[in-house]
Protein chains: 2
Amino acid sequence: MSRSSTRPTSRDVARAAGVSQAAVSLVLGDKWRGRVSETTAGRVREAARELGYRPNLAARNLRLGHTRTVLLVVPALTTEFFAGVYTGAARVAAEHGFGVVLYPSPEGIGPARDPFASAQAALDGVIASSMAADALTAIRGDQLPLVMLDSDPAGSLGAATVNLDIADGVRQVAAHLLGLGHRRVLHLAADVPSWTFEVRARELAACLAAVPGTEVRTARAPISIEGALAATEAALTAPGPRPTAVVCDDDKLAAGAYKALRRLGLRVPDDMSVTGLDDLALATAIDPELTTVRLDAELFGERGMRALLAVLEGREPEGGDIPVELVVRGSTAPPGASA
Amino acid sequence: MSRSSTRPTSRDVARAAGVSQAAVSLVLGDKWRGRVSETTAGRVREAARELGYRPNLAARNLRLGHTRTVLLVVPALTTEFFAGVYTGAARVAAEHGFGVVLYPSPEGIGPARDPFASAQAALDGVIASSMAADALTAIRGDQLPLVMLDSDPAGSLGAATVNLDIADGVRQVAAHLLGLGHRRVLHLAADVPSWTFEVRARELAACLAAVPGTEVRTARAPISIEGALAATEAALTAPGPRPTAVVCDDDKLAAGAYKALRRLGLRVPDDMSVTGLDDLALATAIDPELTTVRLDAELFGERGMRALLAVLEGREPEGGDIPVELVVRGSTAPPGASA
DNA sequence: ACAGGGACGTTATACGTAACACTTCGGGTC
DNA sequence: GACCCGAAGTGTTACGTATAACGTCCCTGT
């Protein structure tokens, strides 16, 4: 009857219910107690349902001055890890009436320098995960409330940070390996300039240096199975005494290491122990199952979102790193178990 | 100086540049040719940069009546597949000035019945992937332009559909296995009520039925490594002649099948051939590498987004299924190769 | 009888932007 | 000299919502 091509507005609902637009807003916004009678409120709700009314979010956001939407910047979506972070963040966001927009930052999408141009949504805040420091200053330019995930607390320019206790995870790996008797270790490191990987290298070196007679060699590889395969193969065919264990910066690298070892005719864990970090589905898919460090990605996302909510409400975000847990499976054993 | 707590508006820029707000809108909106002098335009741009002006998206959206934002509904984020779909969709979206908001639909996030309540963003359209039919009608209720991914074209209530040619992938798998001489096949099916899995079952049954003397048994499992392990073990220890090949609905199920086979002391591919579907990173991480069907998730997302753009512009979306490709690796061999 | 106050609404306004309609002004045309 | 025209802007409005401020009416206590 009316111009039905366009979606109904609160005024249309008001007309249908025979009240003013303000009354509709009151009723639908649940602020009508003592201001509108029960019967009128019922009429309004009925009319709204009848017309299939949905409030125009753009108008609401403009009026309210906020959007209840935050941006989650992640380096990539090639592992379940960041999917988990997103899921966790989105869950607590939803509980608080927030939405989460995802921005996978590396090349691949749009003009990567500017997350905000590509995220059309108007934003109330930003959660940035595993960001390089230079990109951070670009983001800081916008005055949006910011929470950093998996980033150097010292270099975050005053933004709140939430971290997994990766350093402790590495300590647990090192202790496990040292306890088994390993002394020569190959560190298969992710060839990515990120604080989170620096921590792994530093902590591993420190742990091993504390025990006399240990030796750590480093190989670098891009985070892919093929990259890890090549780097591991190269490192293990190099001259010198062969390591007895490979510590990988993450599970995907470990999967590549497995393949290199198979190709070299070395058996896991008899000839070589291998550890990962992440505990992806991958870790239990490969044979033998991978000894790795379980990171609770969803909890990480949850904590990140909670921290951002705290910042938005002017509260102090909850501190403290998220504990991680070594999961010992079949890929580690005392050195020389085959002999 | 001014109330600096609030973000600068186009009016602030106008004041700074000594022009009207309308002129700012013209210049920054790139619609000033022949309406504003080059020098004035420069002054405006300068002032905008100076103040760090960012247009208020909520206001723009309200004025324009659209948001250049679409919702992508996916069943989960537990595999890279949907991450790929998102990446592809987001890429072409960005090329056209659109943003993509993600909504992983299953339990886990918010009041699952209503994607739109949880997606705070105002939306121009929806891409829904692998949706159950009943949820579809709920979505259809909102009159938003809709594109269905991986869904029954006949049951999509007139919405545009974009599909991978899964049926052809299954045909390729069947032909490959039949060509190797397999006649007794176990179908490890995903225990999920979704059209995409019905297609696999139907097509596989049809292909095998076309060859006399073939036999197909079906086991159902939730899409997880453990679930697949249990279902496969149960199916293979059941009485009757043992199958010589396991056709899995996806790679994750195949990884579970591998574990079951190891536990039963059966070797892949000598005692049992295995095939997957997806070609995730998992497929090359396990040993032997998995013969599977490669699905181009990013292309899928791209095509979905392109179709939605077409719908939004009143054009006819490009038809035709996306071709898929059998990738033969080490997990398939003639039956009885060990004997 | 009359002030006072709920109960039940309505009117008016502002949020920041884009676009339409209008004005001003200098120069070219007949 | 009257007329028009394009360049270069400006004034104003509307988008749909939420809320502050403002009216009624009627009831109730003293």
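Chain letters run A, B, ... following the sequence lines, proteins first, then strands; residues in each count from 1.
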To the nearest angstrom, how far is [X] atom [atom1] from [N] atom [atom2]?
X: B/Trp32; N: C/dC20; atom1: CH2; atom2: P; result: 19 Å
X: A/Arg33; N: C/dG6; atom1: CZ; atom2: C1'; result: 18 Å
X: B/Asp12; N: C/dT17; atom1: CG; atom2: C1'; result: 13 Å
X: B/Lys31; N: C/dT17; atom1: NZ; atom2: C1'; result: 14 Å
X: A/Leu28; N: D/dT19; atom1: CG; atom2: P; result: 13 Å
X: B/Leu57; N: D/dG16; atom1: CG; atom2: C1'; result: 17 Å

Check: How would you list, by chain and number, every residue that makes a salt bridge (charged side-chain N to carboxylate O under 4.0 Å, His left out) with A/Arg45, sequence neighbours excluded?
Finding: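 So A/Arg45 forms a salt bridge (charged side-chain N to carboxylate O under 4.0 Å, His left out) with A/Glu38.
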
Next item on the list: For B/Arg315, enumerate each residue passing the salt bridge (charged side-chain N to carboxylate O under 4.0 Å, His left out) test, keeping only those at least two apart in sequence or located in another chain.
Entry: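 B/Arg315 satisfies salt bridge (charged side-chain N to carboxylate O under 4.0 Å, His left out) with B/Glu313 once adjacent residues are dropped.
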
Next item on the list: Could you tell me whether B/Arg306 and B/Glu318 make a salt bridge, using a distance below 4.0 angstrom between a side-chain N and a carboxylate O?
Entry: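 Not counted as a salt bridge, because no side-chain N and carboxylate O are separated by less than 4.0 Å.
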
Collect all protein-nucleotide pairs involving nucleotides 9-16 of chain C in which both atoms are nitrogen or oxygen and the distance is under 3.5 Å.
from: C/dG9; atom 1: OP1; to: A/Thr40; atom 2: OG1; distance (Å): 3.4
from: C/dG9; atom 1: OP2; to: A/Ser37; atom 2: N; distance (Å): 2.9
from: C/dG9; atom 1: OP2; to: A/Ser37; atom 2: OG; distance (Å): 2.6
from: C/dG9; atom 1: OP2; to: A/Thr40; atom 2: OG1; distance (Å): 2.7
from: C/dG9; atom 1: N7; to: A/Arg35; atom 2: O; distance (Å): 3.4
from: C/dG9; atom 1: O6; to: A/Arg35; atom 2: NH1; distance (Å): 3.1
from: C/dT10; atom 1: OP1; to: A/Ser20; atom 2: N; distance (Å): 3.4
from: C/dT10; atom 1: OP2; to: A/Ser20; atom 2: N; distance (Å): 3.0
from: C/dT10; atom 1: OP2; to: A/Ser20; atom 2: OG; distance (Å): 2.7

Check: Is it true that the side chains of A/Thr39 and A/Ser37 contain a donor and an acceptor less than 3.5 Å apart?
Finding: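 Short answer, yes.
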
Checklist line | Check: A/Tyr86 side chain, B/Leu102 main-chain N or O, donor-acceptor pair, under 3.5 Å | finding: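 Side chain of A/Tyr86 to backbone of B/Leu102, a donor-acceptor pair under 3.5 Å: yes, one is there.
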
Notebook entry, point to check: If you look at every heavy atom in A/Tyr103 and A/Leu71, which pair is closest and at what distance?
Noted result: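 That closest heavy-atom pairing would be CB-CD1, 3.8 Å.
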
